[in-house]
Amino acid sequence: MSDMSEAPKSGLAKRLPLIAILVIAAIGAFTLRDYLTFETLRDNREALLAFRDANYLLTVAAFMLAYVVIVAFSLPGATVATLTGGFLFATFPGALFNVTAATIGAILIFLAARWGLGERLAAKMEGSEGAVKNIKDGIDENQWSMLFLIRLVPVVPFFVANLVPALVGVPLNRFAISTFLGIIPGGVVYTSVGAGLGDVFARGETPNLGIIFEPQILLPILGLCALAALPIALKAIRGQKD
């Protein structure tokens, strides 16, 4: 009898981190959206720069911690955080701080999802038959390519790209490596925009966040997407020949 009562408790305990993320994300979407904004950065820019100049290492640590929390709990303001990294620390090392913090936050979501749902769901998919099993096998056969693709394609939401790999049993090391490398192009672009915010503030303008869709930026990223998809295409061609 005690074993039967402990099993549901254990299942609930595993889901608590994921439940906490979802609850905090929902609360944050309504309470923080008016604070983690470009306007907030603009209005507090002088205080931030002064604090950075007086406490550089502390500023780096506090910034990265805040970025990890924003990503891990899917709070609004990830783009503003990336711009802030460029504004405070320049394109480099700002891009390194941004990409590292975003990767850590993504790993936390990944672990929470896999611990709460992923292991059981992956086991069910592995033991299933038909279309569901074929989908999982297709992902397993092209894990690296698929992981890089969902990071490189600008239209894939970051939260979705963190959850899906956890739910299909992707190993942590592959997820971490593909996340870090895959978000570098977009991260560098937005960090460089943040690095130029001083001039934008001086002109009283807002940054061009659509820059990633301009041809000189988008075409190289699409080239990386095509390179990531090449192994999938080759396997498909070989499969048709066989």
Side-chain angles (χ1 to χ4, degrees), residues 17-18 21-22 25 64 67-75 78-79 81-82 85 95-128 131-191 212-213 217-239:
L18 184 59
I21 288 176
L22 295 175
M64 293 187 67
Y67 201 133
V68 169
V69 171
I70 288 173
V71 174
F73 291 100
S74 299
L75 300 175
T79 301
T82 305
L96 178 61
F97 298 154
N98 284 335
V99 171
T100 301
T103 301
I104 294 173
I107 289 173
L108 293 177
I109 295 180
F110 174 87
L111 290 176
R114 189 172 73 174
W115 196 37
L117 298 172
E119 291 181 356
R120 176 179 293 183
L121 183 59
K124 287 184 177 179
M125 294 178 71
E126 188 66 38
S128 63
V132 174
K133 182 65 162 57
N134 291 335
I135 291 172
K136 185 177 188 304
D137 289 343
I139 294 174
D140 289 342
E141 291 173 2
N142 305 283
Q143 273 192 4
W144 282 111
S145 295
M146 293 299 295
L147 290 171
F148 278 117
L149 274 175
I150 63 176
R151 291 303 183 188
L152 290 169
V153 177
V155 296
V156 177
F158 197 67
F159 183 74
V160 173
N162 295 332
L163 282 182
V164 172
L167 301 180
V168 296
V170 170
L172 175 60
N173 64 329
R174 290 189 182 185
F175 175 82
I177 293 171
S178 62
T179 297
F180 183 86
L181 297 178
I183 65 176
I184 285 177
V188 170
V189 170
Y190 282 121
T191 305
I212 198 169
F213 295 105
I217 302 296
L218 184 60
L219 290 178
I221 292 179
L222 291 178
L224 291 174
C225 292
L227 187 62
L230 183 60
I232 300 175
L234 290 176
K235 284 185 179 180
I237 293 172
R238 290 172 183 168

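- Distance check, rounded to the nearest 0.5 Å: CG of Leu147 to CG of Asn142 gives 10.5 Å.
- Note that CG of Leu163 is 11.0 Å distant from CZ of Phe158, once rounded to the nearest 0.5 Å.
- Judged purely by atom type and a 3.5 angstrom limit, Asn98 uses its side chain to pair as donor or acceptor with the backbone of Thr82.
- In terms of heavy-atom proximity, Val71 sits nearest to Ala102 at CG1-O, 3.7 Å.
- Two residues are said to be in side-chain contact when any heavy atoms from C-beta on lie closer than 4.5 Å; Ile150 and Val164 fail this criterion.
- Scanning both residues, Ile107 and Ala176, for their nearest heavy atoms gives CD1-CB, 3.7 Å.
- For the pair Arg151 and Ala161, the tightest heavy-atom approach, listed with the atom from each and the gap, is NH1-CB, 3.4 Å.
- Taking all atoms of both residues into account, the shortest heavy-atom contact from Thr191 to Gly85 is CG2-C, 4.5 Å.
- Smallest separation of non-hydrogen atoms from Pro171 and Gln143: CD-OE1, 3.3 Å.
- Using a 4.5 Å heavy-atom cutoff, the side chains of Leu172 and Leu111 are in contact.
- Looking at every heavy atom in both residues, Ala81 comes nearest to Ile70 through CB-CD1, 4.1 Å.
- Inter-residue side-chain proximity for Ile177 and Trp144 is flagged as met; some heavy-atom pair is nearer than 4.5 Å.
- Partners of Phe175 under the ring-ring contact (aromatic ring centres under 6.0 Å, His included) rule, at least two apart in sequence or in another chain, are Phe110.
- With rounding to the nearest 0.5 angstrom, the CG atom of Leu181 is 8.5 Å from the OG1 atom of Thr103.
- Val170 places none of its side-chain heavy atoms less than 4.5 Å from the side chain of Met146.
- In this structure, a donor-acceptor pair under 3.5 Å is absent between the side chains of Thr100 and Tyr67.
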